[in-house]
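Remarks on the structure that follows.
Just so it is clear, the model here is predicted, and its values are computed rather than measured. Atoms considered below: every heavy atom in the structure, side chains included; atoms not considered: hydrogens, waters and symmetry mates.
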Amino acid sequence: MNAPAPAPLYDPSAIELAAQAYWAEHDAFRVTEDPAREKFYCLSMFPYPSGRLHMGHVRNYTIGDVMSRYQRMKGKNVMQPMGFDAFGLPAENAAIKSNVAPAAWTYDNMAYMRKQLDALGLGFDWSRSFATCDPAYYRWEQWLFVQLFKKGLVYRKNSVVNWDPVDHTVLANEQVIDGRGWRSGAIVEQREIPQWFLRITDYADELVDCLDHLPGWPDAVKAQQANWIGRSKGLEIDFALEDGSGALTVYTTRPDTLFGVTFVSVAAQHPLALAAAARDPKVAAFIDETRKTGTAEATLATQEKKGVPLGVSVIHPLTGEAVPVWAANFVLMGYGTGCVMAVPAHDERDWEFANAYGLPKKVVIAPAPNAVPDITDGAHTDYGVLVHSDRFDGLDFEAAFVAIKQALEAQHQGRERINYRLRDWGVSRQRYWGCPIPIIYCDACGDVPVPEANLPVVLPEDLKPDGAASPLTRTPSFYEVACPSCGKAARRETDTFDTFFESSWYFARFACPGNDTAMLDERARHWLPVDQYIGGIEHAVLHLLYARFFHKLMRDVGLPVAGDEPFTRLLCQGMVIAGTYYREAADGKKTWVNPADVEVLTDERGAPVSAVLKADGQPVVIGGREKMSKSKNNGVDPETMVSRYGADAVRLFMMFTAPPEQSLEWNDAGIEGAARFLKRLWTFTTALAEVPALNLAALDSTQKALRRKVHETLAKLDDDYGRRQTYNTAVAACMELLNALMKASDGADGQTAAVLREGAEALVLGLSPIVPHISHALWHHLGHAGAVLDAPWPKADPAALVSDTVSLVVQVNGKLRGQIDVAKDASQDAILAAALADPNVQKFLSGEIRKKIVVPGRLVNLVVAT
RNA sequence: GCGCCCGUGGCGGAAUCGGUAGACGCAGCGGACUUAAAAUCCGCCGCCUUCGGCAUCCCGGUUCGACUCCGGGCGGGCGCACCA
């Protein structure tokens, strides 16, 4: 090998700036539709512009960037866009706290975060970017809302909000702390006001059924969504009121237990309970009590079962018996019909309730025809066969469901019904910094949608929220309008959309930048669905369900979206966690200290024994590993890490330390290890000089083995990047290969040097999606003119993978006793002969060999009598 | 309570279809270089030990063979939370 020219030292910041400048200069990530190439749409959940990126963002976007760069090298036409989810409460809070306009605050934050994203080397097509607070964006969701209005998919009804009586404002749930307003400290009231709803329940069946056709989604997310939608099949059954004044309709999924009904329970807010309250002060008192506890949801589930008899009875539809009606605190007014038939023998809640009030229990389900279930300690809720149920005795659940349904239908007292836990989506928010709802209220014409020609309804950006009611409600120039229909004075809606509205369709708009005449165009059909979506598991239900819903809505109003589902493959990355450290004051108050300020002391094995604060050398308590957060003071700032170690090291550490969907523990020593590896890669690759051409015929067995390692690594990389999406094992394989190459590089010349060079190229190409900057520089070092991001993905040479001999393990009774090398096409007999000849194996072959198992390419297991 | 997921060295993790448990990295220990330190390089590194034995939360099962499959426990995490 020629004496290498003195190589420049690895200088991450210089290399990274140069690579980023190259990408910017060449507009390297801008894409357009290309019918000749397969498209790949890779999307990471866009951020709220809070001001600074946190490690969770870095992890999310690194994963997306790695996938994008890999697919690009595989020849796909990759679109990876990025934008900002720019409406929301923090901007209003900042406005109140620092007296800055929400718009200015938001745009400043976006500019800063854009710089941070670029410094990480993320390959976004910024020409497609937008902020959702731009009227050019939100006008189209107003337009969609108007279309849905016309189709009857939106409606207005009264709904409860958290009302702060001091600030005269509606509070979001997270602004209510222990039942009090976050700023005023006033006790929050529940108030009913009219709000807009989207009929997501019309799509409940499709939303749950389509889950079965999403093989690329994690099961956990699909399970959560199905759970959330909560579809159940049951019967509505009418119980006639004894006084002949009508009927009480209950919903049940267990009509097989109908003969076990001993009373009927209604919600405290049920009309029948309210009517009884007028006559009976005890009922009135009960209703009052439930209203007070009604707010604290967490206690609701565990609270004691309470109720009060209403003094009315209903007639059992099949037995004709009279059963009493009770009001009960555990019956939900908002689900089903607000009343349920009570079967204490076979329902836990009814069992508890009946026990508390001494109501009878009738067993009507048994595990077997002659068995008697034990209900002394609780209800028997399993399915079984019917007993004490007249002509239905002996039937199982399914048969009883059908038979009882038919019996009730015949007397017009029952019908099958599907129920959902899912409620319609309330989209009204009494907030300033959001998209205005495009409706005008006219005394003469009612609720009138803003005509399409008048869209967008622009949010005035010069208003300043002060924590009280939305400034829109105090801005006549905004809300005083003429009715679009009759021209008379009317009032504009001052509520804005839930911010989930914006994030429910942004994925589609990325395909259609610049279109100011339509929400979407044919380009959406080209790019959709998103091939790979990446984001946090915290969005498993709401965001992902709403986005699926919007995709179907856009489809049904005739917009050019492709397919029924927006996201083909979904990856939910794990949290970024870090150790926590604290000191506890005498009063039990904990002061959390940042991990960066702590020194951990270990025993001689390396196990941590104690920790001290660097500043004063005094001990701190070692807490658990938890999600990075302000409250636990265990956050690590990405920008600091990038300036200290370089973006490549940060990216490498994040991809190497854990598989993407698992939680990732940040530790400073770990990222130093990542930086060390990059330094080694740099030193090794830059030291390679001109080498002779690779001559496969001239390779000796050592050189062949080294070359096999190179190509085995390539084969593994493709599998890890593509099918498995386990970047941690891909990096490990590269580290292993670099170790092997460096071991072989001492005084290497001739064909060994040629193999080393081939290995270096494999490493640079194979690592380039993860560490794009150093790869960009090293690719040029290796003499290539083009950019590594445009190089084709390396393929393993099948010829390099074949070996003349294979190494087999020899077991005796399943225990490892020896190792043999045999020809790769050796016969079973030859393999066995070699195994039996091994001296160590022979030591364990005292008895008769009962069985000989040969697994080709793997092992030999000899079973002897013991 | 119901649903989902997970338990492997001091630590993060690997073992992809039931076939060498602990790859790769961190931490630690020993050494080289150095006046010294940092950086770098080399070696050791599950536990008990002499051959060897024991080890993937515990107990059982299937199998020639189980981290992997099945049953039952224990522990942890996440989601939903009286949805009839």
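- Pairing for C11(B) goes to G25(B), judged as Watson-Crick or G-U wobble with the two contacts each under 3.5 Å.
- Minimum interatomic distance between P856(A) and V854(A) (heavy atoms only, all atoms of both residues): CD-O, 3.5 Å.
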Report each atom pair, protein N/O against N/O of nucleotides 38-41 of chain B, whose distance is under 3.5 angstrom.
residue, atom, partner, partner atom, Å
C41(B), OP1, R680(A), NH1, 3.4

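- Residue contacts shown for S663(A) are limited to sugar-phosphate atoms, with no base heavy atom under 4.0 Å away.
- Contact annotation for V541(A): no contact, since no heavy-atom pair falls under 4.0 Å across all strands.
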Atom pairs, protein N/O to nucleotides 45-52 of chain B N/O, distance under 3.5 Å:
residue, atom, partner, partner atom, Å
C47(B), OP1, R605(A), NH2, 3.4

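- Separating the CE atom of M654(A) from the C1' atom of G25(B) is a distance of 16 Å, rounded to the nearest angstrom.
- Taking side-chain N and O atoms only, Q662(A) has a distance below 4.0 Å to OP1 or OP2 of G13(B).
- Within the 4.0 angstrom heavy-atom criterion, only backbone atoms of the sugar-phosphate kind lie near S232(A); the bases stay farther away.
- Of all nucleotides listed (C26(B), A23(B), G3(B)), A23(B) comes nearest to the side chain of A732(A).
- Salt bridge absent: K614(A) and E599(A) never bring a charged side-chain N and a carboxylate O closer than 4.0 Å.
- Across G13(B), C64(B), C80(B), the shortest atom-to-atom separation from the side chain of W228(A) is found for C80(B).
- Using a 4.0 Å heavy-atom cutoff across all strands shown, V855(A) reaches at least one base atom of the nucleic acid.
- Nucleic acid contact class of G230(A) (heavy atoms, under 4.0 Å, all strands): none.
- Of the C1' atoms belonging to A27(B) and G10(B), the separation is 8 Å, rounded to the nearest Å.
- Residue R724(A) is classed as a base contact, given a heavy-atom separation below 4.0 Å to a base.
- Comparing C41(B) with C6(B), their C1' atoms are spaced 40 Å from each other, to the whole Å.
- Atom pair F653(A):CZ and G13(B):P shows a separation of 10 Å (rounding to whole Å applied).
- For a distance-only test at 3.5 Å, the side chain of K305(A) qualifies as a donor-acceptor partner of the base of C82(B).
- Where L664(A) and D219(A) each meet RNA chain B at their nearest nucleotide, the meeting point lying more 5' is that of D219(A).
- Taking atom C1' on both nucleotides, G52(B) is separated from C57(B) by 27 Å, rounded to a whole Å.
- Residues N329(A) and F286(A) form a side-chain contact, since some pair of their non-hydrogen atoms from C-beta on lies under 4.5 Å apart.
- Comparing G61(B) with G13(B), their C1' atoms are spaced 30 Å from each other, to the whole Å.
- If Q224(A) and N419(A) are placed on RNA chain B by their nearest nucleotide, the residue sitting closer to the 5' end is Q224(A).
- Base orientation of G31(B): anti (glycosidic angle beyond 90° from 0).
- No side-chain N or O of D219(A) forms a donor-acceptor pair with one of W217(A) less than 3.5 Å apart.
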Using side-chain contact (heavy atoms from CB on, under 4.5 Å), reason through F656(A) and Y727(A) one step at a time and then give a plain yes or no. CA-CA 6 Å; F656(A) 172 63; Y727(A) 308 100; over 6 Å; no
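- The listed nucleotides are U20(B), G13(B), A84(B); the one nearest the side chain of V331(A) is A84(B).
- Without hydrogens or angle criteria, R417(A) side chain to L235(A) main chain gives no donor-acceptor distance under 3.5 Å.
- One finds no salt bridge joining K305(A) and D350(A) here, because no Lys/Arg side-chain nitrogen approaches an Asp/Glu carboxylate oxygen to under 4.0 Å.
- A gap of 23 Å separates the P atoms of G9(B) and C17(B), to the nearest Å.
- Annotation for T580(A) and G624(A): closest pair OG1-O, 2.7 Å, computed over non-hydrogen atoms.
- In this structure, H380(A) and H346(A) have perpendicular ring planes: the angle between them is above 60°, well past the 30° mark.
- Remark: N728(A) is in phosphate contact with A14(B), judged by side-chain N or O atoms under 4.0 Å from OP1 or OP2.
- Using a cutoff of 4.0 Å between basic side-chain nitrogens and carboxylate oxygens, D205(A) and R231(A) are scored as salt-bridged.
- For the pair R349(A) and C83(B), the criterion of a side-chain N or O lying under 4.0 Å from OP1 or OP2 is met.
- We find that CD of E661(A) is positioned 11 Å from P of G13(B), with the value rounded to whole Å.
- Shown here, A36(B) forms no base pair; nothing in the strands shown gives a Watson-Crick or G-U wobble contact with both key distances under 3.5 Å.
- K815(A) comes within contact range of the sugar-phosphate backbone alone, with a heavy-atom separation under 4.0 Å but no base atom that close.
- One interatomic measurement links the two molecules: CZ of F239(A) to P of A84(B), which rounds to 16 Å at whole-angstrom precision.
- The side chain of P608(A) lies closest to G10(B) when the candidates are A84(B), G10(B), A23(B).
- Base pairing of A66(B): no nucleotide in any strand meets the Watson-Crick or G-U wobble criterion (both distances under 3.5 Å).
- Using cut-offs of 30° and 60° for the angle between ring planes, the Y357(A) and W326(A) rings count as tilted.
- Checked by atom type, the side-chain pair N634(A)/Y581(A) shows no donor-acceptor distance below 3.5 Å.
- Atom CG in N813(A) sits roughly 16 Å away from atom P in U63(B) (whole-Å rounding).
- Contact check, Y335(A) against A84(B): a side-chain N or O comes under 4.0 Å of OP1 or OP2.
- The same atom, P, is picked in A84(B) and in U16(B); the two are 41 Å apart, to the nearest Å.
- Between A38(B) and C47(B), the two P atoms lie 27 Å apart (nearest whole Å).
- Rounded to whole Å, atom P of U20(B) lies 15 Å from atom CD1 of I820(A).
- You'll find that the side chain of I853(A) is closest to G19(B), out of A84(B), G19(B), C24(B).
- Of the nucleotides present, G77(B) is the one that pairs with C4(B) by Watson-Crick or G-U wobble criteria, both distances under 3.5 Å.
- Using cut-offs of 30° and 60° on the angle between ring planes, the pair Y383(A) and F397(A) is parallel.
- If you take atom C1' in A14(B) and the same atom in A21(B), they sit 10 Å apart, rounded to whole Å.
- Taking the side chain of R723(A) as heavy atoms from C-beta on, and the options C64(B), U16(B), A84(B), the nearest nucleotide is U16(B).
- For the pair E848(A) CD and C64(B) C1', the computed distance is 14 Å after rounding to whole Å.
- No contact: E348(A) has no heavy atom under 4.0 Å from any strand.
- Nearest to the side chain of T729(A), among A14(B), C24(B), G3(B), sits A14(B).
- Using a 4.0 Å cut-off, some side-chain N or O of R421(A) falls inside it from OP1 or OP2 of A81(B).
- Classified by interplanar angle (parallel below 30°, tilted 30° to 60°, perpendicular above 60°), the ring pair W425(A)/Y546(A) is parallel.
- In this entry the base of C17(B) is syn relative to its sugar, with a glycosidic angle within 90° of 0.
- Computed from coordinates, the L816(A) CG to G53(B) P distance equals 11 Å when rounded to whole Å.
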